[in-house]
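The structure under discussion appears below in the form of structure tokens.
Along the sequence shown, residues carry numbers from 1. Because only heavy atoms are used, hydrogens play no part in the values below, and waters and symmetry mates are left out as well, while side chains stay in.
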Amino acid sequence: MPSIMAASRSNPLLNSLPRFLTWRSLGFRTICSGRLGFAPSDPDPEPPVSTAGTKFLETFREEFEIGSRLITFETGKIARFANGSVVLGMEETKVLSTVTSSKGDSVRDFLPLTVDYQEKQFAQGVIPSTYLRREGAPKERELLCGRLIDRPIRPLFPAGFYHEVQVMASVLSSDGRRDPDVMAANATSAALMLSDIPWGGPIGVIRVGRICGQFVVNPTMDELSLSDLNLVYACTKDKTLMIDVQAGGISEKDLEAGLRLAHPEAVKYLEPQIRLAAKAGKHKKDYKLSLVSDRTLEKVRNLTEAKIEAVFTDPSYGKFERGEALDNIAQEVKRTLEEECDTESVTVLSKVVDRVRKGVVRNRILAEGFRVDGRHLDEVRPLYCEAGYLPNLHGSSLFSRGDTQVLCTVTLGAPRDAQRLDSLVGPPTKRFMLHYSFPPFSINEVGKRVGLNRREVGHGTLAEKALLAVLPPEDDFPYTVRINSEVMASDGSTSMATVCGGSMAMMDAGIPLQEHVAGVSVGLVSEVDPSTGEIKDYRIVTDILGLEDHLGDMDFKIAGTRKGVTAVQLDIKPAGIPLDIICECLEPALKGRLQILARMDQEISAPRTQDHRNSPRLATLKFSNDALRRLIGPLGVLKRKIEEDTGARMSVSDETLTILAKNQTVLERVQEKIDFIIGREIEVGGIYKGIISSIKEYGAFVEFNGGQQGLLHVSELSHEPVSKISDVISVGQQLSLMCIGQDVRGNIKLSLKATLPQLKSKKNNVTEEPVPVIKEAPKVWTSVGNLPNEQEEQKITDAELMLSRSTVKPSTSSNPGFLIRSAAECDEEDKTVSLNQGSKSNSKTLRATKRDRKQKTKVPESDDSDASIYSSGHSSHTVDHLNDEDAKVVSPLSAKSLRLGMKIAAKVYQIRALGLVLDLGNGVRGMYRFETNGKRDFEIGDELLVKCTSFSSKGLPVMSLVDDQ
């Protein structure tokens, strides 16, 4: 009767109907699939419905406030079978943490602690975008959050507790305003307090930011984006357990102030956990501890201590030689114990030998102040730096500190190459990535390369935080950057070596860093009072070895610039270190960092320019969105075709196209294809590639510059007459053409002969020198109207003198004109000039006689050339090398009469660094660029015989000296 029951619930009036009016009294069953069925004549009576009892979940809660945020601990409602489970809530974000431990006796000599942190997409109401629509392998962020939980809780397990412990933290809901990592760490501490696992907690974990110089406790994600400090601090009531810092160059003094602020705020988490454990916690179970007996420890110490001390006092031992000597000592002791049938001592021999070795090293540092390799406590190992180790890459470097060696490479990419992040909080993409790799050969071991490794991810992230502080803003440097750090040899602090090598590789790649970043690791060796557990004596050690890291009390990694700290990571082995000692370590770390930075600056101190042609290239171009749509094509077909043909990669964003090419040649090929599809602004004198679309009697039509049409007239095909167009060009042929203007109808006029070398004239010996043309800055001829005159004097710069012999930029005027003469036109003009000179020779002679009263300049007629020699009309000084008898005075020079190949008597007007400014007469200026190994000792006023070779973009004649001077 489910439908009638449902109907009764939906309509209470059905419950009051008489029996004879119901479906069942009339012999009908309920409606099923739109049909009525008859009920049996004697239906079975329905069994009575039993009501289930209500289960009440005993829930325990603790509420408190930190940094104006209300925080709650809750247990008993969910995950009741776990050894300990706590839900921590802050506003709309809730995190569940559970702990469990194995029940059997431990047969190992280490603590197998596993921490798994997971962020499932349901916590933010999203279905995963993966193919299977479910979460896959742990992401980098999840591994990092797991390490953040592991590092502060591991030192608090008792010595000899080797039972397997698993912590599982899951985000139940997230509002996107809080980072759940710190919440998960505090929830784990509370869960361990509730469990029966022996543990020396509780701990408190706090995050502190700084905005405009003011510290902020428990900042939101929006506040963190404005903060120059992201400090995560974990502690017990009076000692520090862990520090993790990302900063933008904060000073040591400000960092210490942040640490001292964070400690009392973190302690506020302790009392609520103690109260919750008192109400709902389990009695701590007596687990079996794997401890070494005093008899065994004393026996092995007597057999090994003297030999081990001899090894460590000899600085000639290297890392592997020292390890081999210690192994030989252990094998000798093992044989002795086996002869004595001391099975108990043989079982724990490796652990006991390690304790004896630890005591020898630590006592020597505390008593004598000398270390394993003979260095002083504050001494940095010898450094080696090499930038550009792999010249064919974007950037590379090799960094060595002692036996530790790291190879770093930099690869630049387009903005679309940024890593996509699927985390609950934070930005959706990451454009700066540092991947750290620790292969087994770096420590001479055999191993297998697997997937993401927690240690590699943690070390790479630390170096990434350190270098991110000096990366230019995205507006100034929009490229994606990937650094690969390959550890070539390891003997301590490879993560800090990665920071140093990565900084040099970024400068080698040309990334505009303001300064270098370096890092150094600081260690601690202390002596503890057994009765009180307090530190009696301690030594701070700079740039620790791998052995000192293993045998010491802490590994305090500090990276930064000369101005301040950019990243910090503190890991410790004892159950806490006083904060005063931690702050004292900042000063020796700064001294060591400055030594390393000085050596790095000697190798490379400024970003390099990628000027070699084989280096990879990046180009950012601006186009309209309509033009970019044409480039992409339907479903991206055209874009993919260009990438397949050239091997380049293109990234398109709002009005921006980014091209990543293997070298300059590939980049030019891509730009040609883009110009052909999209086109560029047409300029007179610009060189464009086009395809002949049709041929007519008077010329050909050319498709170029992204689909535009231009006319190639028959007269512009060649310097020689063309009788048949099809003999020179054909439909579909690709040509490089120059735009020479527009006709009266607005059609674009193209020229092929303007890009070809000009031929020598057959009627005279004057050579019309070809105009060199390149794509970026084609040389053009400027109209007579643009030439300078007496009223408007043009400024000639040294840059123009430099370009005068190679490339002249195109004119940028809206309607430029051209004075383009063929050889026939020049010959015809020569005839006209000579006739005019003959008909007016008498009058010219009279006028010349009058001018000679004020100035006398005699110009000879050259025997080896038919070109005219013009007088510049200067003062009465004569040109010494000219023959007075052969001098011929011609009409004054004008801009209109100046042409290529013309020889002119000019006067030095100005002397520049790269050449001369010449006065050609009548206010006409020209320029001459100094020849290599040529004459440079000119003086203002010197008169020279020069020849016009070309024109600059401003219409200024470019001259050269006549060889017979």
Side-chain angles (χ1 to χ4, degrees), residues 412-418 420 428-429 431 472-480 616-662 664-693 701-712 734-743 745-750 774-778 780 809-816 953:
L412 303 179
R416 74 166 186 180
D417 295 326
R420 294 180 58 188
T429 59
R431 71 184 185 101
E474 189 171 2
D475 294 338
D476 300 333
F477 190 78
Y479 307 118
T480 300
R617 289 289 191 268
L618 278 168
T620 301
L621 307 176
K622 293 292 185 180
F623 295 100
S624 65
N625 288 328
D626 292 337
L628 291 177
R629 278 191 285 270
R630 294 202 309 272
L631 173 65
I632 296 174
L635 301 177
V637 173
L638 295 180
K639 176 175 170 291
R640 287 197 301 270
K641 183 69 166 58
I642 295 175
E643 292 177 335
E644 292 173 0
D645 292 344
T646 62
R649 299 172 64 183
M650 297 190 299
S651 175
V652 178
S653 59
D654 187 23
E655 297 186 346
T656 303
L657 174 65
T658 303
I659 306 171
L660 174 63
K662 186 177 180 180
Q664 181 65 28
T665 303
V666 174
L667 180 62
E668 292 174 354
R669 288 176 56 198
V670 175
Q671 289 177 326
E672 288 178 1
K673 291 180 178 293
I674 292 173
D675 289 343
F676 185 79
I677 297 174
I678 296 180
R680 64 178 191 266
E681 185 178 354
I682 298 178
E683 297 179 354
V684 176
I687 305 297
Y688 303 89
K689 284 191 175 182
I691 296 179
I692 304 298
S693 58
F701 286 98
V702 181
E703 183 179 349
F704 75 109
N705 199 42
Q708 292 182 291
Q709 290 285 336
L711 174 63
L712 176 61
Q734 184 172 347
L735 300 172
S736 293
L737 306 170
M738 178 186 288
C739 174
I740 58 175
Q742 292 182 337
D743 58 17
R745 298 180 180 178
N747 297 321
I748 301 174
K749 298 168 61 176
L750 302 175
I774 64 175
K775 176 183 176 183
E776 289 81 0
V780 299
K809 296 183 179 180
S811 174
T812 58
S813 58
S814 58
N815 295 309
S953 61

- prompt: Are L638 and L631 close enough that some pair of their side-chain heavy atoms sits under 4.5 Å apart?
  reply: no
- prompt: Can you check whether L635's main-chain N or O pairs, donor with acceptor, with R640's side chain at less than 3.5 Å?
  reply: yes
query: Is there a side-chain contact between L711 and F701, using heavy atoms and a 4.5 Å cut-off?
result: yes
task: Please name the pair of heavy atoms, one in A648 and one in A661, separated by the smallest distance, quoted to 0.1 Å.
output: CB-CA, 4.2 Å
query: Got a second to check how far D675's CG is from I687's CD1, nearest 0.5 Å?
result: 13.0 Å
message: Test your reading of the model: is there a side-chain donor-acceptor pair from R630 to the backbone of I678, 3.5 Å cut-off?
response: yes
- prompt: Can you tell if the side chain of Y479 reaches within under 4.5 Å of the side chain of L618, non-hydrogen atoms only?
  reply: yes
field: Q709 and V702, any side-chain heavy atoms less than 4.5 Å apart
entry: no
message: Nearest 0.5 Å, please: how far is CD1 in I659 from NZ in K673?
response: 12.5 Å
- line: Value for CZ (R617) from OG1 (T665), rounded to nearest 0.5 Å, stands at 9.5 Å
- prompt: Just wondering, do I748 and C739 contact through their side chains at under 4.5 Å, heavy atoms?
  reply: yes
- line: Distance col, row I692:CD1 vs Q734:CD, nearest 0.5 angstrom, shows 10.0 Å
query: Backbone N or O of T620 within a donor-acceptor pair of the T658 side chain at under 3.5 Å?
result: no
message: Could you measure the distance from the CG atom of L628 to the CG atom of L657? Nearest 0.5 Å is fine.
response: 6.0 Å
statement: Smallest heavy-atom separation, S736 atom then K689 atom, equals OG-CG, 3.7 Å
- request: Only one of R649, M650, R669 passes side chain to side chain contact (heavy atoms under 4.5 Å, CB included) with I642; say which it is.
  value: M650
query: Do you know the tightest heavy-atom contact between N625 and E655?
result: OD1-N, 3.1 Å
query: Does the side chain of L750 come within less than 4.5 Å of F704's, by heavy atoms?
result: yes
Candidate pair T656 and K622, rule side chain to side chain contact (heavy atoms under 4.5 Å, CB included), full reasoning: CA-CA 5 Å; T656 303; K622 293 292 185 180; 2.8 Å; yes
task: Search all heavy atoms of L660 against all heavy atoms of A414 and return the closest pair with its distance.
output: CD2-N, 4.4 Å
query: So do the side chains of F477 and L412 get within less than 4.5 Å of each other, counting heavy atoms only?
result: yes
